[in-house]
Amino acid sequence: MPELPEVEMVIRGLRDDLVGRTINGIAIHWPREIWSIGTDEFIDRLIGQKIEGLRRRGKYIIFDLSYDALLIHLKMSGRLYVAEPETVVSDDRWIRVTFQLDDGRELRFSDARKFGRVYLAGSAEEIVGKLGPEPLDEEFTPDKLHELLNNRQGTLKPLLLNQAFLAGVGNIYADEALWRAKLDPRRKVNTLNPEEIHNLHHAIQESLLSGIQHEGSTISWYRKPDGTPGGYQNHFNVYDRENEPCPRCGTPITKIWLGQRGTHFCSNCQK
DNA sequence: CGGACAACCTGGCGGC
DNA sequence: TGCCGCCAGGTTGTCC
């Protein structure tokens, strides 16, 4: 579910409620979502720490705490929201971890498919250290993308999904970026010329920024912390639009399997 | 290094 | 209405 734009919307929606709060208690309802340390140590270390900051790295949510870093990966179906303890919402059906806050409210982590991961580490780098660059950072320039591609072989779209190559792009935004760049997802990366790389760089940034502008894509699971859906699914050019007309040329969108992921593109204008 | 595939899970939807 | 199979915004480990 959540890619960079969706995770970005989650942290924006939670920041005011969480920064400055202290974690007073934790309830773990599905222990297998706690990674990196055991559940007993997780609870012991976490209680009493203050949330100093909230940020995103790739698709990870990072809570900077008094002494440690708490990280959450939403994977396919994770949701985070703050609620009064007595309040019941439909997502509560899939709560895996509850964090009690010092203002009496609680942060709930709901995750129907149980793929989500919660980490506690001395430093966030222990968990996110191997991620590739942030595609919306100033340091991610067309030249930087060129340099990254120089040392690579392989197929274009699977490489965009590789988080060690570039952090935050997932299946939706990879398909959308390749459509904007007019590039065939099956292209071998060592056949891209400088102009195509430049277009790709621009297309990745535009797709992600457009996703954020429309508050993320809601197909099934993703919701903002306030419970409302995003709107970018109404602006897809190719993703989830098999057989519908390409917005650029009218050719029906093709769906294929590439790297075990459904892949949508226009066979006429993506070369 | 890259590609293929299974595993981790549950829910929703289309088809019969 | 049921039941069945398929599909899903992600990662990771294993094998070739």
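In the text below, chain A, chain B and the rest are named by the order of the sequence lines, each starting its count at 1.
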- [ ] Write down the distance separating the P atoms in B:dC8 and C:dC3, rounded off to the nearest Å.
- [x]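 Going atom to atom, P in each nucleotide, I get 26 Å.
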
Task: Between CG on residue A:Leu145 and CZ on residue A:Phe165, distance to nearest 0.5 Å - done: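 These two atoms lie 5.5 Å from each other.
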
- [ ] Supply the atom-to-atom distance A:Leu71 CG to A:Ser123 OG, rounded to the nearest 0.5 angstrom.
- [x]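 Answer for the CG-OG pair, A:Leu71 versus A:Ser123, is 9.0 Å.
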
[X] [atom1] to [N] [atom2]: how many Å, rounded?
| X | N | atom1 | atom2 | answer |
| --- | --- | --- | --- | --- |
| A:Arg117 | C:dG10 | CZ | C1' | 9 Å |
| A:Trp257 | C:dC6 | CH2 | P | 11 Å |
| A:Leu161 | C:dT11 | CG | C1' | 11 Å |
| A:His73 | B:dC8 | NE2 | C1' | 14 Å |
| A:Arg261 | C:dT12 | CZ | C1' | 13 Å |
| A:Leu258 | B:dA4 | CG | P | 8 Å |
| A:Met76 | B:dG12 | CE | C1' | 13 Å |
| A:Arg79 | C:dA8 | CZ | C1' | 14 Å |

Assert yes or no for the condition that the ring centre distance of [X] to [Y] is strictly below 6.0 Å.
| X | Y | value |
| --- | --- | --- |
| A:Trp94 | A:Trp221 | yes |
| A:His73 | A:Tyr119 | no |
| A:Tyr232 | A:Tyr239 | no |

Open item on the list: On a heavy-atom basis, which atom in A:Leu131 and which in A:Ala167 lie closest, and how many Å separate them?
Closed with: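 Looking at all heavy atoms of both residues, the closest pair is CB-CB, 4.1 Å.
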
Open item on the list: Determine whether the aromatic ring of A:Phe115 stacks with the base of B:dC8, defined as ring centroids separated by less than 5.5 Å and ring planes inclined by less than 30°.
Closed with: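 Answer is yes, a stack.
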
Open item on the list: So A:Arg93, base contact, sugar-phosphate only, or nothing? Heavy-atom distance under 4.0 Å.
Closed with: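 Counting heavy atoms under 4.0 Å across all strands, the contact made by A:Arg93 is with sugar-phosphate only.
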
Open item on the list: Need one value for A:Trp35: base, sugar-phosphate or nothing, where a base atom within 4.0 Å counts as base even if backbone is also close, heavy atoms only.
Closed with: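 A:Trp35: no heavy atom of the nucleic acid under 4.0 Å.
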
Open item on the list: If you take any heavy atom closer than 4.0 Å to DNA chain B, which residues from residues 236-246 of chain A end up in contact?
Closed with: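 None - not one residue of the stretch has a heavy atom sitting under 4.0 Å from the strand.
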
TODO: Among C:dC7, C:dG10, C:dT12, find the nucleotide with the atom closest to the side chain of A:Tyr60.
DONE: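 Among C:dC7, C:dG10, C:dT12, the one nearest the side chain of A:Tyr60 is C:dT12.
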
Task: Residue A:Trp221, side-chain heavy atoms: nucleotide from C:dG10, B:dG11, B:dT10 that is nearest - done: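 The nucleotide sitting nearest to the side chain is B:dG11.
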
Side-chain N or O of [X] closer than 4.0 Å to phosphate OP1/OP2 of [N]:
| X | N | answer |
| --- | --- | --- |
| A:Lys130 | C:dT12 | no |
| A:Lys75 | B:dC8 | no |
| A:Gln163 | C:dG10 | no |

Expected rows: protein N/O vs nucleotides 1-3 of chain B N/O, under 3.5 Å:
unit_1 : atom_1 : unit_2   : atom_2 : d
B:dG2  : OP1    : A:Gln153 : N      : 3.4
B:dG2  : OP1    : A:Gln153 : O      : 3.3
B:dG2  : OP2    : A:Arg152 : NH1    : 3.4
B:dG3  : OP1    : A:Thr155 : N      : 3.4
B:dG3  : OP1    : A:Thr155 : OG1    : 3.1

More than 12 heavy atoms of other residues, nucleotides or ligands under 6.0 Å from [atom1] of [X]: yes or no?
| X | atom1 | answer |
| --- | --- | --- |
| A:Glu195 | CD | no |
| A:His214 | NE2 | yes |
| A:Lys130 | NZ | no |

Open item on the list: Quick check: on DNA chain B, is the nucleotide nearest A:Ser220 upstream (toward 5') of the one nearest A:Arg113, or the reverse? Name the residue that is more 5'.
Closed with: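 Nearest nucleotide further toward 5': that of A:Arg113.
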
Open item on the list: Contact between A:Trp179 and A:Arg248 at the side-chain level, heavy atoms closer than 4.5 Å - yes or no?
Closed with: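 With C-beta onward as the side chain, the pair touches.
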
